[in-house]
Structures are given as C-alpha cells and as structure tokens.
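A short worksheet on the structure shown next.
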Amino acid sequence: MRQAACYEQRRHSSILNTTEGPMTEASTTRAPKSDVVVRFAPSPTGYLHIGGARTALFNWLYARGHGGKFLLRIEDTDRERNNDDAVAAILDGLRWLELDWDGDAVSQFARADRHREIANDMLARGAAYHCYCSPAEIEAARDLAKAEGRPQIFLSPWRDRDRSEAPAGVKPTVRLKAPRDGETRVADHVQGDVTFPNKDLDDLIILRSDGNPTYNLAVVVDDHDMGVTHVIRGVDHLTNTARQTQIYQAMAWTVPAFAHVPLIHGADGAKLSKRHGAQGVEDYRSMGYLPIALRNYLVRLGWSHGDDEIMSNDQLLQWFDIDDINKSASRFDFKKLDDLNGHYIRLTNDAELVTRIGDMLAHLNFAELRALAVDAKAPARADVALANEVANLAPGLRDGPALKARLADVGDDKLLAAMPALKERAKTLAELVTGALFLVAETPLRLDDKAAKLIDDEAKATLDAIAVRFETVAEWTAAALETDVRTYAEQTGAKLGKVAQPLRAALTGRAVSPPVFTVLEVLGRAESLKRIGDITR
RNA sequence: GCUCCCUUCGUCUAUCGGUUAGGACGCGAGAUUUUCAUUCUUGAAAGAGGGGUUCGACUCCCCUAGGGAGCGCCA
C-alpha cells in the first residue's frame with residue numbers, strides 16, 4: 001500500500017516548497033515578526049484533545065496575528081497506533097474550530113528517509129554513535145539506578161567504545177552523543193530561561209534498532225526543514241526540548257523560539273480524562289458549543305489581556321502574544337464556557353443558529369449519548385439531556401438526523417419563529433433544540449411530573465374556557481393571544497399564572513418552556529387546540 | 001528517587017514595589033416577569049506558610065508545604 005506523503009490535498013502544494021505567505025486581512029495583521037512560521041503537531045490518537053485544541057489555537061493566533069504561517073504535521077512515526085480515521089478526526093476538529101492551516105498536513109512517517117539521512121550525518125560528524133545495548137540491559141541499569149536513588153538516566157558504554165568490539169548479530173540503535181558537562185539552556189517565552197544540567201540528560205536514541213527514527217529526532221529535523229521559527233506546544237515537552245536543543249546544536253542548526261504552554265486540568269485539578277465529561281473537541285461540538293465561544297473560552301485559559309473577557313477574532317489577533325501566557329496549569333470550568341456560549345448564541349442571528357443546529361444534529365446518536373457513562377460528579381451534558389428529552393417527548397426519533405428531518409417537516413420557519421424566545425434561555429445549541437422539542441413532540445403529549453401537577457380539575461375548566469375563546473381569536477399571533485388571555489384573566493379574577501401554567505403544560509408537556517404565547521403562535525391554532533383538547537377530554 | 005515548573009476569591013485571571021488587591025464565571029439578595037431564562041442593581045469571597053531584602057512586598061530572594069510535568073528503541 002502506498003503511503004501518502006501528506007494527509008490532504010489543499011490549495012497549496014507541499015508546504016515544504018511553498019514560499020508564498022498565507023492570506024490574512026491587513027486590518028488584523030500586525031507588523032510581520034520576521035516571517036513567523038509555527039506548526040501544530042498532534043499525534044493521531046483518534047480525536048483532537050481539548051488541550052491540543054488550545055495549543056492549536058495559540059499557534060494559529062500567533063501565526064495569523066503576525067502574518068505568518070500555521071503548518072500542520074501529524075506525528076505518526078509510531079505505526080501501531082496510527083490510522084487514517086484518527087488523522088481525519090483531528091483535521092475535522094480543527095476545521096470545526098475554524099482554525100485553517102497552510103498547505104497540506106505533513107506526515108512525519110513519510111519523512112523517515114530524511115530523518116535517517118540526518119542521523120547518518122550526525123554519525124559521520126561524530127555527534128552520534130552506535131549503541132549495542134539490549135533493552136533488557138538498559139532496563140536493568142535503570143532499575144538499579146532507581147534502587148540506588150540515582151537519576152534514572154542510562155549511560156551507554158558504547159559512547160566511547162569502538163564499533164569493532166560490537167557483538168555479532170546485534171542491530172544497534174543510534175544515540176546522540178550529548179555533552180556530559182555544562183548545561184543546556186532553553187530560552188522559553190512562557191517558562192523563561194530553564195537550564196538543565198547536562199549530566200542529567202542521557203544520550204537519547206535517535207534511530208531505533210530497526211532503523212526507524214524516533215520522535216525527538218524527527219521533530220527537530222521536521223521543524224528545521226519546515227522552517228519553523230516558533231515552537232508552541234505543551235509543557236510536557238519541556239525536557240524533550242533540552243535534548244532536542246542538543247540535536248540542533250550538533251547539526252549547527254538555528255534553534256527556534258519556544259513557548260511551552262501549561263496543561264489544562266479537569267475541574268478537580270486532575271488530568272483531563274473521560275470521567276470529566278469531555279476530552280475531544282467533537283464532544284464539545286456534540287454538546288452544542290459554538291466554535292467561537294470555545295475559542296474565546298480556551299484562549300482565556302492561561303492567557304489574558306487585562307480585564308477583557310469577550311474578545312472578537314480581530315482583537316485576539318491583535319492582542320495575543322506568547323509572552324503573555326501564564327506558567328501555571330488551569331482547570332476547565334464548564335460553567336464559564338456555558339456562560340460564554342450563551343452569550344454568543346444570543347449574538348448569533350436566528351438563521352445561522354438554525355443552520356448550526358442542523359450541523360450539530362447530523363452528528364448525534366441518541367442511543368449512544370444516553371448510554372454515555374461519565375462520572376456522576378461530572379457536569380451534565382446538554383446533548384445527553386437532549387437525548388433523554390427526545391426519548392420522552394418523541395421516542396420515534398432515534399437519532400439526530402431523524403430529529404433534523406422531523407424539524408424540517410414541521411418547517412424551518414417555525415424553528416426560526418421560536419428562535420428569539422429560545423436563544424435567550426439556552427447555553428448550548430443542544431439546549432436550544434431541547435427547548436424546541438415541543439414542535440416535534442408526539443401527541444397526545446406525555447406530561448412530565450411537574451406539568452401533570454399543573455393540570456387539576458380547575459385547570460381543565462380554565463383550559464376549556466380558553467379553548468372556546470381561542471376558536472374565535474381573529475389574529476393568531478403571540479401579541480393578540482396574550483391580550484386575549486389577559487382579558488380572560490381579568491374578567492375571571494384569575495392570576496395570569498393560573499391560566500398560563502396549565503396552558504404551558506398542555507402545549508409542551510413541561511412546566512418550563514419558552515413563553516406560552518410564543519408557543520401558541522408557533523404551534524398554530526389547529527395544533528394548539530388539539531393539544532388543549534387532549535388534556536381536557 | 002532525580003530534574004524542571006507552578007501556588008492571588010470555589011474557578012479563570014488583573015496587578016510591570018506604594019491599589020479600599022480589580023474584572024469575569026459561579027454563588028447569595030433585590031428589581032423586571034406567564035414558567036424558565038435574559039437584562040439590571042447589589043452582596044459575600046483571595047495573595048499557601050515561614051523567613052529575609054526594602055521607608056514600603058501579592059510583586060524580589062531563600063526555606064517549607066502542597067500541586068504538576070518529565071525521567072521509553074511512545075509521541
């Protein structure tokens with residue numbers, strides 16, 4: 001099977017020989033910072049991790065804000081855990097977040113020959129050597145070091161031994177001949193100057209015994225070949241950076257600028273995992289977060305611009321800088337994301353929301369969502385709540401596409417008409433749909449407990465009386481209906497709530513809903529009277 | 001164990017030695033209201049602990065405690 005050199009054909013040909021800069025609006029571009037080139041280099045794990053998403057965002061903002069390039073490279077040198085679906089998921093995530101990259105996504109694996117070439121070059125110039133130690137030997141040495149309380153670094157005896165002494169039949173690895181004395185300094189835009197004593201850095205393997213390059217070599221060679229000027233990545237790579245710096249030095253290559261960003265933890269301060277509710281950006285899409293809201297939320301995790309909270313893309317491009325990123329890890333707070341998302345939902349026009357809802361529904365599988373087992377303490381997911389409500393109100397709709405189709409049957413105009421009322425009480429697109437479910441509910445409605453409580457004999461009598469009036473209301477609009485109901489309430493001395501609540505229950509099956517008069521208008525006279533009749537009969 | 005990093009309201013953060021330590025989310029109270037929301041007003045809420053340096057420290061230095069990352073022929 002042919003291994004593609006890159007994962008996707010885009011407008012440009014290979015980034016490695018593309019020289020023109022990307023298109024960025026002049027108004028949002030700062031003075032070019034000596035041709036910035038950054039890259040996002042995820043390994044194909046199957047989804048775009050939320051922390052990776054922020055790293056990508058930081059890179060993207062830095063590149064676009066400086067009129068530079070934002071490149072993509074897939075770190076797929078480990079063939080065992082690589083597959084095309086995993087890569088596609090990451091690209092999908094980036095596209096959904098609206099982070100566009102320049103050129104094609106480069107496959108690191110496809111560049112193995114080049115990596116080997118450099119390894120041989122290093123061998124030739126005495127910057128690397130063959131090591132004939134077996135994995136078992138190395139492990140034993142490390143165990144001993146650990147037992148004796150020494151640093152767990154492995155000092156290969158082959159560093160100074162001649163190849164002629166090599167045991168027969170053993171395929172050697174190639175190790176970097178790292179300096180033993182002095183220290184290696186990493187000048188980092190986030191972490192500051194961090195120095196590592198060279199005695200604590202062992203000779204890392206750059207070529208496996210099977211001849212394949214390792215990550216640390218590949219990264220350096222690729223970053224160098226791609227002309228990367230700024231490496232923005234997670235702090236988990238900081239120690240690697242010291243070793244990678246030694247490779248740059250061995251090759252006499254220019255060391256790029258570094259910015260190691262802190263990690264994102266779950267609400268409890270622990271590493272983000274499945275039990276926190278969501279790891280991949282696809283989960284956030286499923287829950288109905290808007291890309292712009294997620295971006296705004298993520299950029300504020302570890303970075304700030306004074307007291308600014310809600311920032312436009314243009315402002316971010318203008319303001320974002322790696323020097324302003326904090327060093328400490330932060331915790332993911334769904335409540336704040338919800339607030340931002342609600343804000344952006346209210347800012348988005350109704351037609352676009354309808355479109356976005358359609359996009360979201362196309363991806364939802366209700367059975368899967370309802371089966372989603374997350375930690376009880378994890379925040380409730382809006383998409384799961386939606387799936388549950390669908391099961392209650394419209395059990396015939398098995399998945400998102402079915403709901404989408406049903407909504408289309410009812411008419412986009414109805415959803416659109418309800419949108420102003422819906423959007424100010426929703427934090428997510430999923431909540432928007434949950435609120436709109438009365439449109440597609442199967443009748444006769446199954447009232448939930450709270451709604452059922454609102455329907456007693458008195459309420460039924462009221463509904464009967466109201467139904468009679470509704471038969472003849474001249475204009476079926478929210479305003480006219482409200483006037484009519486208010487008139488009725490005044491005439492009978494009833495509080496408006498005494499009429500509105502039973503009406504709400506009869507029309508939506510719920511004690512909470514968008515304003516009843518809006519519900520009436522959107523449902524239409526026939527459907528409204530039918531639902532009221534279902535209750536009183 | 002070794003190396004490196006971090007520590008301001010519950011959470012995200014502002015503060016470039018001098019502030020009543022500010023903002024946002026969340027939480028409490030109130031107003032608006034047909035439910036729920038939205039919106040508005042308002043309240044409570046923080047410099048981990050201990051030493052220095054300084055006229056003055058959240059801010060600089062040291063120690064302690066707590067937390068995190070790394071220590072692979074993974075990336």
Side-chain angles (χ1 to χ4, degrees), chain A residues 41-45 75-78 80-81 108 131 133-135 138-139 142 145-154 171-175 186 188 190-192 194-197 199-202 204-210 212 214-216 218-219 234-240 242 260 262-263 265 267 269-271 297 300-310 326-340 342 346 421-427 431 435 450-451 454 482 485-486 489 495-501 503-505 508 510-517:
Chain A
S43 52
T45 49
E75 312 267 19
D76 53 0
T77 53
D78 183 356
E80 280 175 25
R81 50 167 106 161
Q108 184 159 72
C131 172
C133 294
S134 69
I138 297 169
E139 196 183 336
R142 264 197 269 265
K146 189 174 185 179
E148 292 178 357
R150 299 196 321 267
Q152 292 171 59
I153 58 167
F154 179 73
K171 288 190 172 176
T173 57
V174 175
R175 303 187 93 112
V186 177
D188 195 277
V190 174
Q191 305 292 329
V194 185
T195 58
F196 297 87
K199 65 175 173 59
D200 295 327
L201 267 20
D202 53 6
L204 87 190
I205 292 174
I206 55 177
L207 233 46
R208 300 181 175 98
S209 53
D210 65 3
N212 284 319
T214 58
Y215 166 76
N216 278 300
V219 166
V235 257
D236 47 330
H237 287 281
L238 191 59
T239 327
N240 284 330
H260 286 90
L263 271 25
H265 293 147
K271 193 176 171 190
Y297 176 72
R300 281 285 290 103
L301 241 38
W303 177 85
S304 62
H305 183 267
D307 282 342
D308 294 304
E309 295 288 346
I310 290 165
N326 289 147
K327 287 195 209 181
S328 51
S330 43
R331 300 181 182 206
F332 199 95
D333 180 9
F334 274 96
K335 288 292 179 56
K336 187 153 183 176
L337 207 212
D338 281 348
D339 178 73
L340 270 173
R346 272 167 257 131
L422 291 169
K423 71 202 278 190
E424 70 182 32
R425 53 208 95 217
K427 303 285 191 199
E431 285 181 16
K450 283 177 184 166
L454 291 168
E482 176 166 359
V485 170
R486 282 186 187 278
K495 280 189 175 176
L496 190 54
K498 273 291 185 188
V499 187
Q501 282 304 84
L503 208 43
R504 187 189 315 282
T508 68
R510 297 290 178 263
V512 173
S513 82
V516 271
F517 304 112

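Values reported hereafter were calculated over all heavy atoms of this structure, with side chains retained and with hydrogens, waters and symmetry mates removed. In what follows, chains carry the letters A, B, and so on, assigned in the order in which the sequence lines appear, proteins first and then strands, with residues in each chain numbered from 1.
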(request) For A/K146, answer base if it contacts any base atom (sugar-phosphate contacts may also be present), sugar-phosphate if it contacts only those atoms, and nothing otherwise; contact means non-hydrogen atoms under 4.0 Å. (result) nothing
(message) With a 3.5 Å limit on both atom pairs, tell me what B/rU53 is paired to, counting Watson-Crick and G-U wobble, or say none.
(response) none
(request) Please state whether the rings of A/Y297 and A/F332 are parallel, tilted or perpendicular, taking 30° and 60° as the class boundaries. (result) perpendicular
(request) Round to a whole Å and report the spacing from CZ of A/R331 to P of B/rC25. (result) 20 Å
(message) Does B/rA24 have OP1 or OP2 under 4.0 Å away from a side-chain N or O of A/R300?
(response) no
(message) In the structure I gave you, are the side-chain heavy atoms of A/Q501 and A/K495 within less than 4.5 Å of one another anywhere?
(response) no
(message) What's the closest nucleotide to the side chain of A/F517 if the choices are B/rC73, B/rA24, B/rU34?
(response) B/rU34
(message) Would you say A/N326 places a side-chain N or O within less than 4.0 Å of OP1 or OP2 belonging to B/rA14?
(response) yes
(request) Using the P atoms only, state how far B/rG23 lies from B/rC40, rounded to an integer number of Å. (result) 15 Å
(request) Counting Watson-Crick and G-U wobble pairs only, both distances under 3.5 Å, name the nucleotide matched with B/rU15, or none. (result) none
(message) Whether A/R150 contacts B/rG1 is assessed here as follows: a side-chain N or O lying under 4.0 Å from the phosphate OP1 or OP2. Is that the case?
(response) no
(request) For A/K336 and A/R300, work out which heavy atoms get closest and say how close. (result) NZ-NH2, 4.3 Å
Set out, line by line, the N/O atom pairs under 3.5 Å between protein and nucleotides 4-6 of chain B.
residue	atom	partner	partner atom	Å
B/rC5	O2'	A/Q191	OE1	3.3
B/rC6	OP1	A/K327	NZ	2.4

(message) Distance check, P atoms only: B/rC12 and B/rC62, in whole angstrom units.
(response) 25 Å
(message) Quick one, A/K450 and A/V512 - any side-chain contact, counting heavy atoms below 4.5 Å?
(response) no
(request) For nucleotides B/rA44 and B/rG10, find the distance between their P atoms and express it as a whole number of Å. (result) 15 Å
(request) Kindly give the heavy-atom pair with the smallest separation between A/A145 and A/Q152, and that separation in Å. (result) CB-CA, 4.3 Å
(message) Could you identify the nucleotide paired to B/rG66, looking across every strand shown and requiring Watson-Crick or G-U wobble geometry with both distances under 3.5 Å?
(response) B/rC6
(message) I want to check something: taking the side chain as every heavy atom from C-beta on, are A/I310 and A/L340 in contact at a cut-off of under 4.5 Å?
(response) yes
(message) For A/C133 and A/F154: C-alpha separation, side-chain torsions, deciding distance, then whether side chain to side chain contact (heavy atoms under 4.5 Å, CB included) applies.
(response) CA-CA 10 Å; A/C133 294; A/F154 179 73; 3.7 Å; yes
(request) Identify the nucleotide, in any strand shown, that forms a Watson-Crick or G-U wobble pair with B/rA21, with both distances under 3.5 Å; if there is none, say none. (result) none
(message) Using every non-hydrogen atom in the two residues, find where A/V235 and A/P262 come nearest and quote the distance to one decimal.
(response) CG2-CA, 3.7 Å
(request) Answer whether the closest heavy-atom distance between the side chains of A/T77 and A/N212 falls below 4.5 Å. (result) no
(message) Measuring only the P atom in each nucleotide, how far is B/rA21 from B/rG47? A whole number of Å is fine.
(response) 12 Å
(message) As a test of reading the structure: which of B/rU34, B/rC71, B/rC73 is closest to the side chain of A/I153, going by heavy atoms?
(response) B/rC71
(message) Please report the distance, rounded to the nearest Å, between NZ in A/K335 and P in B/rG26.
(response) 8 Å
(message) Could you tell me how far B/rA75 sits from B/rC71 if I compare only their P atoms? Round to whole Å.
(response) 12 Å
(message) Could you tell me how far apart A/Y297 (OH) and B/rU11 (P) are, to the nearest whole angstrom?
(response) 12 Å
(message) From CG of A/D200 over to C1' of B/rA69, roughly how many Å is that when rounded to an integer?
(response) 16 Å
(request) Ignoring the backbone of A/E309, work out which of B/rG26, B/rG23, B/rC73 is nearest its side chain. (result) B/rG23
(message) Are the side chains of A/P515 and A/R425 in contact, using a 4.5 Å heavy-atom criterion?
(response) yes
(message) Could you go through A/F517 and A/R486, starting from their C-alpha distance and side-chain angles, then the distance that decides it, and tell me whether this counts as side chain to side chain contact (heavy atoms under 4.5 Å, CB included)?
(response) CA-CA 11 Å; A/F517 304 112; A/R486 282 186 187 278; 5.7 Å; no
(message) Applying the Watson-Crick and G-U wobble criteria at under 3.5 Å, what pairs with B/rU34? Answer none if nothing qualifies.
(response) none
(request) Flag the pair A/R142 / A/D202 as yes when at least one side-chain heavy-atom distance between them is below 4.5 Å, and no otherwise. (result) yes
(message) Could you tell me how far B/rG28 sits from B/rU8 if I compare only their C1' atoms? Round to whole Å.
(response) 23 Å
(request) Specify the residue among A/L496 and A/E75 whose closest nucleotide of RNA chain B lies further upstream toward the 5′ end. (result) A/L496
(message) One character per nucleotide, please: for nucleotides 35-40 of chain B, 5' to 3', B when the base has a protein heavy atom closer than 4.0 Å, S when only the sugar-phosphate does, - otherwise.
(response) BBBSS-
(message) Can you identify which nucleotide, out of B/rU11, B/rA69, B/rC2, has its nearest atom closest to the A/L263 side chain?
(response) B/rA69
(message) I'd like the C1' distance from B/rC9 over to B/rG51, given in whole Å.
(response) 26 Å
(message) Between B/rA75 and A/D236, counting only base atoms on the nucleotide and side-chain atoms on the residue, is there a donor-acceptor pair under 3.5 Å?
(response) no
(request) Specify the residue among A/H265 and A/G497 whose closest nucleotide of RNA chain B lies further upstream toward the 5′ end. (result) A/G497
(message) In whole Å, I'd like the distance from the CG atom of A/L204 to the P atom of B/rU3.
(response) 20 Å
(request) If B/rU42 has a Watson-Crick or G-U wobble mate with both distances under 3.5 Å, name it; if not, just say none. (result) B/rG28
(request) Determine whether any donor atom in the side chain of A/T239 lies under 3.5 Å from an acceptor atom in the base of B/rC71, or the reverse, and answer yes or no. (result) no
(message) So A/R510, base contact, sugar-phosphate only, or nothing? Heavy-atom distance under 4.0 Å.
(response) nothing
(request) Identify whether any heavy atom of A/G269 sits under 4.0 Å from a base atom; if not, whether one sits that close to sugar-phosphate; answer base, sugar-phosphate or nothing. (result) nothing
(message) For B/rA75, is there a stacking contact with A/H237, counting only centres under 5.5 Å and planes under 30°?
(response) yes
(message) I need the CG-C1' distance between A/D338 and B/rC12, as an integer number of Å.
(response) 14 Å
(message) By nearest atom, which of the nucleotides B/rU13, B/rG1, B/rA75 is closest to the A/Q152 side chain?
(response) B/rG1
(message) Can you measure A/I138 atom CD1 to B/rC71 atom P for me and round it to whole angstrom units?
(response) 15 Å
(message) Can you tell me if A/R142 touches the phosphate of B/rC73, counting only side-chain N or O atoms and a distance under 4.0 Å to OP1 or OP2?
(response) yes
(request) Figure out the NZ/P separation between A/K271 and B/rG68, and round it to whole Å. (result) 12 Å
(request) Please name all residues satisfying ring pair (Phe, Tyr, Trp, His ring centres under 6.0 Å) with A/F196, sequence neighbours left out, ordered by chain then number. (result) none
(message) Suppose you measure atom C1' in B/rC58 against the same atom in B/rA46; what distance do you get, rounded to whole Å?
(response) 10 Å
(message) OP1 or OP2 of B/rA14 versus the side-chain N and O atoms of A/S304: is any pair under 4.0 Å?
(response) yes
